[in-house]
Asks: 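Got a structure for you, questions after.
Atoms within each ligand, like the ligands themselves, are counted from 1 in listed order. What you see is a predicted model, and the numbers here were worked out from it, not measured in a lab.
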Amino acid sequence: MNGDAARLIERLDGGERLTAEEFRRLLEGSDEESDALLRDKAVARRKAVYGNAVFMRGLIEISSYCKNDCLYCGIRRSNRNADRYRLSEEQILACADEGYALGFRTFVLQGGEDAYFTDERLVPLLLELKRRHPDCAVTLSLGERGKESFQRLFDAGADRYLLRHETATKYHYETLHPPEMSFERRMACLRDLRAIGYAVGAGFMVGSPGQTEEHLANDLFFIQDFQPEMCGIGPFIPHRDTVFAHEPPGSAALTCRLLSVIRLIKPNILLPATTALGTVHPQGRELGIISGANVVMPNLSPVGVRKQYALYDNKICTGEESAQCKDCLNARMRAVGYEIVIDRGDPAALPQLNSPPAS
Ligand code: SAH
């Protein structure tokens with residue numbers, strides 16, 4: 001076993017903070033034994049906080065229109081081949097009603113940065129969603145907006161906001177985005193969301209073009225510093241109509257290792273085993289859960305539009321009805337010893353952060 005990596009894992013598990021350089025050594029020193037140690041520690045921490053519960057979030061992909069031109073993304077505005085759609089308020093509410101009946105208690109409204117979804121349209125939608133389902137949490141994932149807009153949506157009932165930082169290294173960010181997008185603005189949005197009172201989700205792609213272990217170490221350091229309530233990470237997957245069409249996808253194994261490290265950085269973090277992870281590996285979501293993740297995000301979008309929300313090629317779960325998606329994930333979670341629960345899935349308190357886990 002790589003002794004340096006093992007010592008760093010022990011220190012992280014003991015509640016110590018690591019430097020970016022130490023995170024880099026931890027990733028670089030990976031071998032079979034240190035990976036097993038990392039996974040065992042992460043699973044023990046996860047079990048101490050959340051038992052074997054897996055939270056589910058119903059993902060409603062409300063629009064594939066986007067004004068941004070992120071180089072990696074299949075719904076970037078310059079992709080003329082993208083089939084665009086947006087859901088009506090009635091369709092979104094119907095997805096949520098169906099999800100509620102299936103046991104979902106969190107709805108995630110995600111989409112491209114579509115100018116149609118102004119505050120004037122979103123506020124009544126949020127009010128109605130919360131009126132119908134007051135026991136549910138609503139998460140927004142609609143990209144960058146102004147602080148006032150974030151505040152209005154929060155006041156209308158949005159509880160959480162997912163805005164992946166994508167990469168914590170400024171020059172790497174600039175190679176993945178067009179010049180009009182700004183690393184500083186992305187980070188400022190995350191701080192605004194936090195200041196308003198949202199539960200905030202950051203996150204990054206694993207294996208995005210040009211990414212090095214140093215960049216990933218910066219991502220881990222950022223997560224440790226910002227302490228988001230949620231962290232979405234998944235492998236980069238090429239999309240045929242983007243400039244990165246021929247880049248290799250990120251690895252499932254590295255994604256799982258990073259999930260374990262993030263679990264140790266913040267034992268009560270909400271950490272999804274993402275659809276992208278399930279796309280690069282047939283058992284990706286199960287592997288994510290047994291590496292320390294505790295959230296899955298089944299698709300609740302109308303089946304008729306699912307293929308159009310194509311951020312990357314070969315996305316899974318675009319053909320099934322919502323109920324089938326949920327049943328399939330339930331069976332997958334049970335097969336590895338976990339149980340999907342009917343719960344909002346808020347962050348748990350951390351009674352014993354620095355003491356050894358009970359199990
Ligand atoms: N527009 C919103 C949310 C939609 S995109 C926003 O900007 O936050 C959701 C996430 O999908 C992105 O944050 C990105 O990390 C991920 N994504 C986009 N293209 C991808 C690709 N080709 N492979 C893997 N993940 C991708």
Asks: Closest by any non-hydrogen atom to atom 6 (C) of ligand 1: pick that one out of Gly143, Gly232, Gly207.
Replies: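 The option holding the nearest heavy atom is Gly143.
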
Asks: Evaluate the side-chain proximity of Leu300 to Leu59: yes if any heavy-atom separation is below 4.5 Å, no if none is.
Replies: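 Contact flag for Leu59/Leu300 side chains = no.
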
Asks: With a cut-off of 4.0 Å, which atoms of ligand 1 are near a heavy atom of Tyr309?
Replies: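 Answer for ligand 1: 4 (C).
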
Asks: Heavy atoms only, cut-off 4.0 Å: how does His239 contact ligand 1, side chain, backbone, both, or neither?
Replies: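 The answer is neither; His239 stays 4.0 Å or more away.
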
Asks: If you measure from atom 1 (N) of ligand 1 to every heavy atom of Cys70, Gly111, Cys73, Cys66, which option wins on shortest distance?
Replies: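 Looking at heavy atoms only, Gly111 sits closest to atom 1 (N) of ligand 1.
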
Asks: Give the residue, atom name and distance (to 0.1 Å) of the protein heavy atom nearest atom 12 (C) of ligand 1.
Replies: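 Scanning the protein heavy atoms, the shortest distance from atom 12 (C) of ligand 1 goes to Glu166 OE2, 3.3 Å.
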
Asks: Need the ligand 1 atom indices (1-based, order shown) with element for anything under 4.0 Å from a heavy-atom of Leu163.
Replies: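 Those atoms are 8 (O).
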
Asks: Taking non-hydrogen atoms only, is Ala276 closer than 4.0 angstrom to ligand 1 via side chain, backbone, both or neither?
Replies: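 Within the 4.0 Å criterion, Ala276 makes no contact with ligand 1.
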
Asks: Taking atom types as modelled and ignoring hydrogens, do the side chains of Asp119 and Ser149 form a donor-acceptor contact shorter than 3.5 angstrom?
Replies: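 Side-chain D/A pair, Asp119 to Ser149: present.
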
Asks: Give me the nearest non-hydrogen protein atom to atom 7 (O) of ligand 1 as residue plus atom name, then the distance to 0.1 Å.
Replies: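 Going atom by atom, the protein heavy atom closest to atom 7 (O) of ligand 1 ends up being Arg186 NH2, 3.3 Å.
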
Asks: Is the Phe183-His165 ring centre distance short of 6.0 angstrom?
Replies: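 They do not qualify: ring centres at least 6.0 Å apart.
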
Asks: Looking at atom 5 (S) of ligand 1, what's its closest protein heavy atom, distance included?
Replies: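 Checking every protein heavy atom, the shortest distance to atom 5 (S) of ligand 1 gives Leu311 CD1, 3.9 Å.
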
Asks: What is the nearest protein non-hydrogen atom to atom 24 (C) of ligand 1, stated with its residue, atom name and distance?
Replies: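 Among all protein heavy atoms, the one nearest atom 24 (C) of ligand 1 is Pro235 O, 3.3 Å.
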
Asks: Using the ring centroid of each side chain, check whether Tyr161 and Phe150 are separated by less than 6.0 Å.
Replies: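 Yes: the rings meet the under 6.0 Å criterion.
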
Asks: Name the orientation class of the two ring planes belonging to His215 and His172 (parallel below 30°, tilted from 30 to 60°, perpendicular beyond 60°).
Replies: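 The arrangement is parallel - the two ring planes meet at less than 30°.
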
Asks: For Val108, does its backbone N or O pair with a side-chain atom of Arg57 as donor and acceptor, under 3.5 Å?
Replies: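 Such a contact is absent between Arg57 side chain and Val108 backbone.
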
Asks: Is there a side-chain contact between Leu176 and Leu71 (heavy atoms, below 4.5 Å)?
Replies: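 No, too far: nothing below the 4.5 Å cut-off.
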
Asks: What is the closest protein heavy atom to atom 22 (N) of ligand 1, and at what distance does it sit?
Replies: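 Its nearest protein heavy-atom neighbour is Ile237 O, 2.7 Å.
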
